[in-house]
Amino acid sequence: MSLLLIAKNRDFSSLKNALLEKDPNLDVEIWPRFDNKERVHFAVCWNHPEKVLGNYPNLRAVSSLGAGVNHLLNDESLPEEVPICRLITDSLQDQMAEYVLNAIVNYRLNMNDYFENKQKGIWDQKSALPKKYAPVGIMGLGEMGKSVATLLVQHGYQVSAWSRSKKDINGVQSYAKDELNEFLSETTILINLLPLTDETEGILDLDLFKKLKQPGYLINVGRGDHLVEEDLIYAFDMNYLEGACLDVFEEEPLPKNHSFWNRKQIMVTPHIAAITPAKEAAEVLVENYKRAMSGMELLFEVDRERGY
Ligand code: NDP
Ligand code: OXD
């Protein structure tokens with residue numbers, strides 16, 4: 001029985017070592033160098049080639065190598081009865097919370113202007129945006145959203161959140177799905193932490209930006225396809241937004257000639273808001289491999305109907 005690691009252009013050596021350190025009896029193989037398709041019982045995928053999962057007739061479960069699973073749900077070759085799980089760890093949640101806090105502080109304190117001014121030797125003091133004028137709204141209050149909300153509350157931010165169902169988190173004003181407009185009208189700094197589903201694709205558009213308390217600021221750490229990229233530029237032109245920090249993009253790596261690189265208002269990071277360390281990933285993957293082999297319920301199993 002093999003555990004197969006599948007991704008395009010990824011060095012899996014540290015993950016393979018971590019898996020074998022956790023369980024030396026595992027048979028860990030790396031796509032595409034493995035031909036014995038019948039032996040594969042568990043696959044771990046990130047950005048895998050389309051339809052590749054249909055090649056393994058004895059798959060018992062598939063795990064994402066990250067928190068997002070849209071790449072797996074979109075693979076029509078994966079039989080419906082094969083369960084899908086994802087990878088959530090404490091440090092993934094901590095990193096995400098710190099990334100978002102850092103992006104907010106950079107925005108409030110004009111840090112990106114100072115980075116730029118330093119290159120030119122410009123001394124120009126600007127006033128910071130006080131927290132009380134920077135109410136934060138989080139779209140998606142799941143594993144990542146909850147940890148971001150909790151850290152921001154600890155740091156004295158006014159935090160609200162929008163999710164399918166209302167939640168009870170200390171210090172967070174929670175809005176349910178049908179209360180989106182109310183949520184947006186209370187929000188200046190908007191953080192996207194939704195999963196990518198048919199319902200949420202393209203949700204970050206001009207119509208939504210228009211409803212924010214203006215001028216707004218966008219932090220997109222969900223998925224690139226949540227954002228209608230040209231609407232972001234219109235939103236700057238209309239002063240609905242005055243800046244954005246983007247970690248995820250329609251096309252990754254962000255193409256060299258993409259206009260976002262040269263936009264002063266946009267901070268770009270290369271999909272690094274939260275990355276699971278190999279050792280922690282191995283803990284969850286080995287546990288789920290064992291559960292799948294013995295027919296037990298998986299950790300962090302995805303509801304295929306809901307899409308997350
Ligand atoms: P979860 O599945 O744990 O949470 C999803 C949240 O979104 C839930 O609160 C859910 O509501 C809400 N939601 C889903 N659909 C809707 C909808 N149609 N309307 C309103 N609310 C909705 O996701 P995670 O927290 O694990 O991940 C969030 C995002 O972050 C994903 O896109 C993931 O890919 C991305 N991510 C990005 C990383 C990066 O490095 N940039 C790293 C890790 C994750 P309810 O609770 O009521 O079901
Ligand atoms: C994830 C990601 O989903 O890195 O974990 O985006």
Side-chain angles (χ1 to χ4, degrees), residues 7 10 15 44-48 63-74 84-100 102-103 137-151 159-169 172 174-184 187 190-204 208 218-227 244-250 252-254 267-278 280-281 284-285 299-308:
R10 191 173 181 125
L15 181 59
V44 179
C45 301
W46 189 249
N47 229 334
H48 64 286
S63 176
S64 170
L65 191 51
V69 285
N70 49 298
H71 55 301
L72 292 172
L73 292 167
N74 290 339
I84 298 175
C85 54
R86 60 202 192 108
L87 207 50
I88 302 288
T89 64
D90 290 349
S91 81
L92 197 72
Q93 292 171 305
D94 285 352
Q95 286 175 53
M96 181 59 83
E98 286 185 337
Y99 177 98
V100 170
N102 180 64
I138 305 171
M139 298 176 84
L141 202 47
E143 301 294 342
M144 299 297 135
K146 274 188 262 177
S147 117
V148 170
T150 307
L151 187 68
V159 180
S160 55
W162 178 72
S163 48
R164 188 184 291 270
S165 54
K166 248 184 166 131
K167 307 274 184 279
D168 188 7
I169 298 183
V172 178
S174 166
Y175 293 91
K177 196 165 170 220
D178 58 355
E179 298 173 315
L180 178 61
N181 288 347
E182 224 176 316
F183 160 79
L184 292 171
T187 296
L190 182 69
I191 298 156
N192 175 43
L193 273 167
L194 289 167
L196 184 63
T197 64
D198 290 346
E199 281 184 15
T200 65
E201 184 172 348
I203 193 167
L204 302 174
L208 179 140
L218 171 70
I219 300 174
N220 188 17
V221 270
R223 282 291 178 264
D225 288 332
H226 284 130
L227 173 66
C245 173
L246 308 178
D247 184 55
V248 287
F249 303 89
E250 265 176 26
E252 293 179 9
L254 186 64
M267 171 71 187
V268 168
T269 54
H271 200 144
I272 46 74
I275 297 176
T276 317
E280 284 188 26
V284 181
L285 292 173
L299 302 175
F300 309 117
E301 187 168 339
V302 171
D303 179 336
R304 282 186 177 230
E305 266 315 289
R306 255 181 3 176
Y308 63 98

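For ligands, and for the atoms within them, numbers begin at 1 and follow the listed sequence.
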Is a side-chain donor-acceptor pair under 3.5 Å present for Tyr99 with Thr269?
-> yes
Atom indices of ligand 1, in the order listed, that fall short of 4.0 Å to a heavy atom of Thr200 = 18 (N)
Using a cut-off of 6.0 Å, state whether more than 12 heavy atoms not belonging to Asp303 lie near its atom CG.
-> yes
Report yes if some N/O of Gly140 lies less than 3.5 Å from some N/O of ligand 1; otherwise report no.
-> no
For Glu250, check side-chain hydrogen bond (donor to acceptor under 3.5 Å, both in side chains) against everything at least two apart and list the hits.
-> none
Taking only heavy atoms of Gly68, which atoms of ligand 1 are found under 4.0 Å from at least one of them?
-> 34 (O)
Proximal candidate to atom 47 (O) of ligand 1 [heavy atom criterion; set Gly66, Ser174, Ser165, Gly145] | Ser165
In short, Leu285 meets Ser63 closest at the heavy-atom pair CD2-OG, 3.5 Å
Positive for side-chain contact (heavy atoms from CB on, under 4.5 Å) with Leu92, one of Glu143, Glu280, Met144 = Met144
So between Gly222, Pro195, Gly68, Gly66, whose heavy atom ends up nearest atom 3 (O) of ligand 2?
-> Gly68
Residues which pass ring pair (Phe, Tyr, Trp, His ring centres under 6.0 Å) with His71, listed by chain and number, not counting sequence neighbours = Trp46, His48
Is Glu199 touching ligand 1 with its side chain, its backbone, both, or neither, if touching means heavy atoms under 4.0 Å apart?
-> side chain
Could you find the nearest protein heavy atom to atom 38 (C) of ligand 1 and give me its residue, atom name and distance?
-> Met96 CE, 3.4 Å
Donor-acceptor under 3.5 Å (Glu98 side chain, Gln95 main chain) | no
If you scan protein heavy atoms around atom 37 (C) of ligand 1, the nearest is Val221 O, 3.0 Å
For ligand 1, find out whether one of its N or O atoms is nearer than 3.5 Å to an N or O atom of Arg164.
-> yes
Ala161 to Val172 - nearest heavy-atom pair and separation | CB-CG1, 4.0 Å
Ignoring angles and geometry beyond distance, decide whether Glu143 reaches within less than 3.5 Å of ligand 1 through its nitrogen or oxygen atoms.
-> yes
Which residue owns the protein heavy atom closest to atom 13 (N) of ligand 1, what's the atom, and how far is it?
-> Leu194 CD2, 3.7 Å
Under 4.0 Å to a heavy atom of His271 - the qualifying atoms of ligand 1, by number | 39 (C), 40 (O), 41 (N)
Atom 41 (N) of ligand 1 [closest protein heavy-atom partner, distance rounded to 0.1 Å] | Asp247 OD2, 2.9 Å
Would you call Ala274 a ligand 2 contact, heavy-atom distance under 4.0 Å?
-> yes
Check ligand 1 against Arg86 and write out every atom of the ligand that is under 4.0 Å from a heavy-atom position of the residue.
-> 1 (P), 2 (O), 3 (O), 23 (O), 24 (P), 26 (O)
Close-contact set for ligand 1 against Trp162 heavy atoms, below 4.0 Å = 19 (N), 20 (C)
Around atom CG of Asp90, are there more than 12 heavy atoms of other residues, nucleotides or ligands at under 6.0 Å?
-> no
Please examine the side chains of Phe249 and Val268, heavy atoms only from C-beta on, and report whether any two atoms are closer than 4.5 Å.
-> yes
protein heavy-atom neighbour closest to atom 45 (P) of ligand 1 works out as Lys167 NZ, 3.4 Å
Heavy atom of the protein closest to atom 5 (C) of ligand 1 (residue, atom name, distance) = Pro195 CD, 3.6 Å
Nitrogen or oxygen atoms of Ile272 and ligand 1 under 3.5 Å apart | no
Interfacing atoms of ligand 1 (cut-off 4.0 Å, heavy-atom, Leu193) = 28 (C), 29 (C), 30 (O)
Is any N or O atom of Lys177, backbone or side chain, closer than 3.5 Å to an N or O atom of ligand 1?
-> no
Mind checking whether His226 has an N or O less than 3.5 Å away from an N or O of ligand 1?
-> no
Mode of Thr197 contact toward ligand 1 - side chain, backbone, both, neither (heavy atoms, under 4.0 Å) | neither
Which protein non-hydrogen atom lies closest to atom 27 (O) of ligand 1, naming both residue and atom, and how far is it?
-> Met144 CG, 3.7 Å
Nearest to atom 1 (C) of ligand 2, what protein heavy atom do you find, and at what distance?
-> Ala67 N, 3.2 Å
Does Ala67, backbone or side chain, put an N or O under 3.5 Å from an N or O of ligand 1?
-> no
Which of the atoms in ligand 2, numbered in the order shown and given with their element, are less than 4.0 Å from a heavy-atom of Arg223?
-> 1 (C), 2 (C), 3 (O), 6 (O)
Run down the list Ser163, Gly142, Ala274 and name the one with the heavy atom closest to atom 40 (O) of ligand 1.
-> Ala274
What residue and atom, counting heavy atoms only, is the protein's closest point to atom 6 (O) of ligand 2, and at what distance?
-> His271 NE2, 2.5 Å
